[in-house]
Amino acid sequence: MPEGHTIHRAADDQRALLAGAVVAADSPQGRFVEGASLIDGRELLDVEAWGKHLFYAFAGGLRLHVHLGLFGRFRSGAGEAPPVRGAVRLRLRSAAAWLTLSGPTACEIVDDDGQRRILARLGPDPLRAASRPAKAYSRIARSGVAIGALVMDQSVIAGIGNVYRAELLFRARIAPLRPGTSIGEAEFAQFWRDTRSVMRDGVRDRRMITTRPADRPHPKGAVRPAERHYVYHRTGRPCFVCGTAILSATLAARTVYWCPVCQR
DNA sequence: GTGGGATGGGCAA
DNA sequence: TGCCCCTCCCACA
């Protein structure tokens, strides 16, 4: 589920697994043979996440940029790498661990300038401690575009995808079609705080649970799959808070979900 | 077994 | 706005 939390989690996991090790790199699928040969046999120094983008720093100043897109997927583990499963674009193997990447939108070697160009297109990332929400708010406050489109625009806020968009706007009680200009500064500050908190939970738990226990029909015990989200994929079902049927529509080329009573 | 949809985003038009 | 990339998984037959 590659929204920002998945990517940050992957960076943390992969750093723990492979940083500091010399890695063998290859491309079993054959579509990244040249790139893999450039990093093959080098030490992996660090793995870092910015929004939905990953950067791998290798000894010698080489950098690998990965974006999973909708289909991309990592598999990893300790010990010897298992037989290749499916179309593996890139495989990294150290003496102690392995990592495979399949189906990414981007898997490329970039230089410092290339990395800068990518980062320049990204808004603040709620999962990075040094991010500056004021940059996001200044874009929102002077835009007539719907807030439901703005929060998913990676150049406004980096890391929010379609599930978090729907859920975070519900939690903030903000209707997705409101224009950016209608969002007050305090309202945005609260949205940003909640976003950080919810996404950090996502990194910690390795999944998105966006409902508050008190709002769930079954507040005790394990969270039932159908009660993980307030509105996402719940068109026509009753809102957990007010019972009104959840609505959906297309916004910024993706389906957005909301409660017409709770969200104003 | 098959088809459609999915958490994304770049690009042409 | 719509197409394409290109992978996995589920619902449905």
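Letters A, B, ... are given to chains in the order of the sequence lines, protein chains preceding strands, and every chain is numbered from 1. Below, all heavy atoms of this structure are taken into account, side chains as well, without hydrogens, waters or symmetry copies. The shown structure was predicted, so the numbers you read here are calculated from the model rather than taken from an experiment.
Listed pair Gln29(A) / dT7(C) meets the phosphate criterion, a side-chain N or O lying under 4.0 Å from OP1 or OP2.
Residues of residues 102-125 of chain A having a heavy atom closer than 4.0 Å to DNA chain B, listed by number: Thr105(A), Arg121(A). Contacts between residues 154-167 of chain A and DNA chain B, defined by a heavy-atom separation below 4.0 Å, involve Gln154(A), Gly161(A), Asn162(A), Val163(A), listed by number. Using a 4.0 Å cut-off on heavy atoms, the residues of residues 62-73 of chain A that approach DNA chain B are His67(A), Gly69(A), Leu70(A), Phe71(A), listed by number.
Aromatic ring orientation, Phe55(A) versus His65(A): parallel (interplanar angle below 30°, classes split at 30° and 60°).
The separation of dG2(C) from dG5(B), taken at their P atoms, amounts to 15 Å, rounded to a whole angstrom. Annotation: dG10(B) and dC8(C) have their P atoms spaced 22 Å apart (nearest Å).
Within the 4.5 Å cutoff, side-chain heavy atoms of Leu122(A) are placed close to those of His53(A). A 4.5 Å side-chain heavy-atom check between Val241(A) and Phe170(A) finds at least one atom pair inside the cut-off. In this structure the side chain of Asp201(A) never reaches within 4.5 angstrom of the side chain of His5(A), judged on heavy atoms. Under the 4.5 Å side-chain criterion, counting only non-hydrogen atoms from C-beta, Leu90(A) is not in contact with Ser27(A).
In this structure, CH2 of Trp50(A) is placed 20 Å from C1' of dG8(B), rounded to the nearest angstrom. Computed from coordinates, the Arg254(A) CZ to dT1(C) C1' distance equals 14 Å when rounded to whole Å. A straight line from CE of Met199(A) to P of dT7(B) spans 15 Å, rounded to a whole angstrom. For Leu101(A) and dC6(C), the CG to P distance is 13 Å, given to the nearest whole Å. Rounded to an integer number of Å, the gap from NZ of Lys52(A) to C1' of dT7(B) is 8 Å. Whole-Å rounding puts the His53(A) NE2 to dT7(B) P distance at 18 Å. Following rounding to the nearest Å, His233(A) (NE2) and dA11(C) (P) show an atom-to-atom distance of 11 Å. Rounded to whole Å, the distance from CZ on Arg234(A) to P on dT7(B) is 17 Å.
Side chains of Ser102(A) and Arg85(A): no donor on one and acceptor on the other come within 3.5 Å.
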Audit row: Arg228(A), Glu167(A), salt bridge (Lys or Arg N to Asp or Glu O under 4.0 Å) steps and yes/no: CA-CA 10 Å; Arg228(A) 282 182 194 166; Glu167(A) 293 299 300; over 6 Å; no
Gln263(A) and Arg173(A): CA distance, side-chain angles, deciding distance, side-chain hydrogen bond (donor to acceptor under 3.5 Å, both in side chains) verdict: CA-CA 4 Å; Gln263(A) 293 172 257; Arg173(A) 299 295 191 263; over 6 Å; no
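Considering only residues two or more places apart in sequence or on other chains, Arg216(A) meets the salt bridge (charged side-chain N to carboxylate O under 4.0 Å, His left out) condition with none of them.
Each of Arg63(A), Glu48(A), Arg15(A), Gln14(A) was compared with Tyr56(A) under the side chain to side chain donor-acceptor pair (under 3.5 Å) criterion, and only Gln14(A) meets it. Checking each of Val23(A), Ile109(A), Asp46(A) against Phe58(A) for a side-chain contact (heavy atoms from CB on, under 4.5 Å) leaves exactly one that passes, namely Val23(A).
Outside the 6.0 Å centre-distance limit, the rings of His229(A) and Tyr257(A) are not counted as a close aromatic pair.
For the pair Arg128(A) and Trp50(A), the cation sits on the ring face: its NZ or CZ lies under 6.0 Å from the ring centre, inside 45° of the axis.
At a threshold of 4.0 angstrom between heavy atoms, the contacts of Arg31(A) are confined to the sugar-phosphate backbone, with no base atom among them.
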Base-pairing string, 5' to 3', of DNA chain B - Watson-Crick or wobble, under 3.5 Å, | interstrand: ||||||.|||||.
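Other residues sharing the hydrophobic cluster of Leu251(A), ordered by chain and number and joined by side-chain separations under 4.5 Å: Leu177(A), Leu247(A), Val256(A), Trp258(A).
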